[in-house]
Protein chains: 2
Amino acid sequence: MSLPHAILTALLEKPSSGLELTRRFDRSIGYFWSATHQQIYRELGKLEESGLIRALPSEVPARGRRKEYEVLPEGRRELCRWVERREDPKVGRDPLPLRLRAAGVVGLRNLVPELARHRDLHLARLREYEEFERRDFPGGALTEQQRVQLLVLRGGIDMERGWVSWLTRAVDELGGG
Amino acid sequence: MSLPHAILTALLEKPSSGLELTRRFDRSIGYFWSATHQQIYRELGKLEESGLIRALPSEVPARGRRKEYEVLPEGRRELCRWVERREDPKVGRDPLPLRLRAAGVVGLRNLVPELARHRDLHLARLREYEEFERRDFPGGALTEQQRVQLLVLRGGIDMERGWVSWLTRAVDELGGG
DNA sequence: TCTTGCATGTAACTCGTTACATGATTTG
DNA sequence: CAAATCATGTAACGAGTTACATGCAAGA
């Protein structure tokens, strides 16, 4: 039950249309939660029906016409409940370690270059995050919201560092052997 | 499409019944991929129907009687194809960073103790993994399969270290004010 | 016989993915 | 007006979650 809450958060940060949300899920929000436009439109429909958000009034509502949403008080309350909820960590869902374990059984085949490719992708993402950190949080006084956003970004940084560290060693050890 | 391949890998490592697989998905395999018994039985049915695995012959096949499966040659070939496939990394799917970002909008409420709780859970898991490393890989000559298994374990270790590092700093910075 | 644990399943629902369909607006 | 782009959606399916149903076997 995370996508509706991700959408509520995004809409509280800034009221948006479905396509704008989709773009934001490809950028900032997308760094730690992904969603396609199909998921987003489906979820917007549900959230509107259950009275957590509403479409802003517009001239001629019709298919293909831009439709902007904002969060209603009940939506904000639901988001608060979600933040306060106690919820256990989920296990990872990247299939790469699984593929490595499979390679332990059927042989490494051509997996090492794939490990190296993933290492490069994670490294690129790490550099990108570090760049955001420099550019968007250049020191000095921060509001609480900014401090929290910086922490979220650093979460991404620590995770990517974990991947890079692991994959570097993996390529190193398997590549030479 | 990862669960069927996780099951094929597990069955190649050791032919098992559905319940045994479930237990293994709560232990070693479960450290990087989770599955409930319902998922597993459903998937075993599909894999058997498509000729990738078969049930070992038993005396009286009946509901409630143990049923053991093994991988057929076609199943092994499918697993090889999967290992060789090129597949991009998936973004994380733990909702905690999302909840922190939501807290940036609706206020921290009671989230810091929850962050501390997650830090402790990840730390406990990290200790567990490090214990496995000491106990199951005590140095000396390793087969290729063992080297790969050790790498997978170290992947888990690096990820957990990432979580612990992040959550420690988060609690530290937010807890004090 | 009753309970407990082992073991295999069904059903219903939600969430995520892929492919496709359709209308509105802008710009060459 | 043609093409590109903006924008909203449908349909079908696969994967994950939760609740429940059923049967077998061993020991108190």
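Remember, predicted model here, so these are calculated numbers, not experimental data.
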Asks: I need the CG-P distance between L47(A) and dT14(C), as an integer number of Å.
Replies: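 It is 14 Å, rounded to the nearest whole Å.
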Asks: Once each nucleotide of nucleotides 7-12 of chain C is scored for protein heavy atoms under 4.0 Å, what B/S/- sequence comes out, 5' to 3'?
Replies: BBBB-B
Asks: With the threshold set at 4.0 Å, does a side-chain nitrogen-carboxylate oxygen contact exist between R127(B) and E130(B)?
Replies: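 Yes.
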Asks: Whether K46(A) contacts dC15(C) is assessed here as follows: a side-chain N or O lying under 4.0 Å from the phosphate OP1 or OP2. Is that the case?
Replies: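 Yes, such a contact exists.
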Asks: How many whole angstroms separate atom CG of L3(B) from atom P of dT17(D)?
Replies: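 That distance rounds to 11 Å.
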Asks: Between W33(B) and R93(A), is there a cation-pi geometry (under 6.0 Å to ring centre, at most 45° from the normal)?
Replies: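 Positive - R93(A) is close enough to the ring of W33(B) and near enough to its axis.
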Asks: Can you tell me how far C1' of dA15(D) sits from CZ of R93(B), to the nearest Å?
Replies: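 Value for this atom pair: 12 Å.
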Asks: Can you tell me how far P of dG16(C) sits from CE of M1(B), to the nearest Å?
Replies: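 Result: 18 Å.
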Asks: Could E78(B) and R81(B) be called an ion pair, given the rule that one side-chain N must be under 4.0 Å from one carboxylate O?
Replies: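 Here E78(B) pairs with R81(B) in a salt bridge, since their nearest N and O are under 4.0 Å apart.
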Asks: Between dT17(C) atom C1' and W33(A) atom CH2, what is the distance in whole Å?
Replies: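 In whole Å, dT17(C) C1' lies 15 Å from W33(A) CH2.
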Asks: Would you say dG16(D) has OP1 or OP2 under 4.0 Å from some side-chain N or O of Q39(B)?
Replies: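 For dG16(D), OP1/OP2 do have a side-chain N/O of Q39(B) under 4.0 Å.
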Asks: Does R154(A) come within less than 4.0 Å of E133(A), counting only side-chain N to carboxylate O?
Replies: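 A salt bridge is present here (some side-chain N lies under 4.0 Å from a carboxylate O).
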Asks: Axis-to-axis angle across the helix from dT1(C)-dA28(D) to dG28(C)-dC1(D), five pairs an end, to 10 degrees?
Replies: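 The value is 10°.
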Asks: For I40(A) and dT18(C), give me the distance from atom CD1 to atom C1', rounded to whole Å.
Replies: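 Roughly 16 Å, once rounded to whole Å.
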Asks: Provide, to the nearest angstrom, the distance between the NZ atom belonging to K90(A) and the C1' atom belonging to dC15(C).
Replies: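 Interatomic distance, NZ of K90(A) to C1' of dC15(C): 13 Å.
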Asks: Assess the pair Y31(A) and F132(A): is the distance between their ring centroids shorter than 6.0 Å?
Replies: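 Ring centroids of Y31(A) and F132(A) are less than 6.0 Å from each other.
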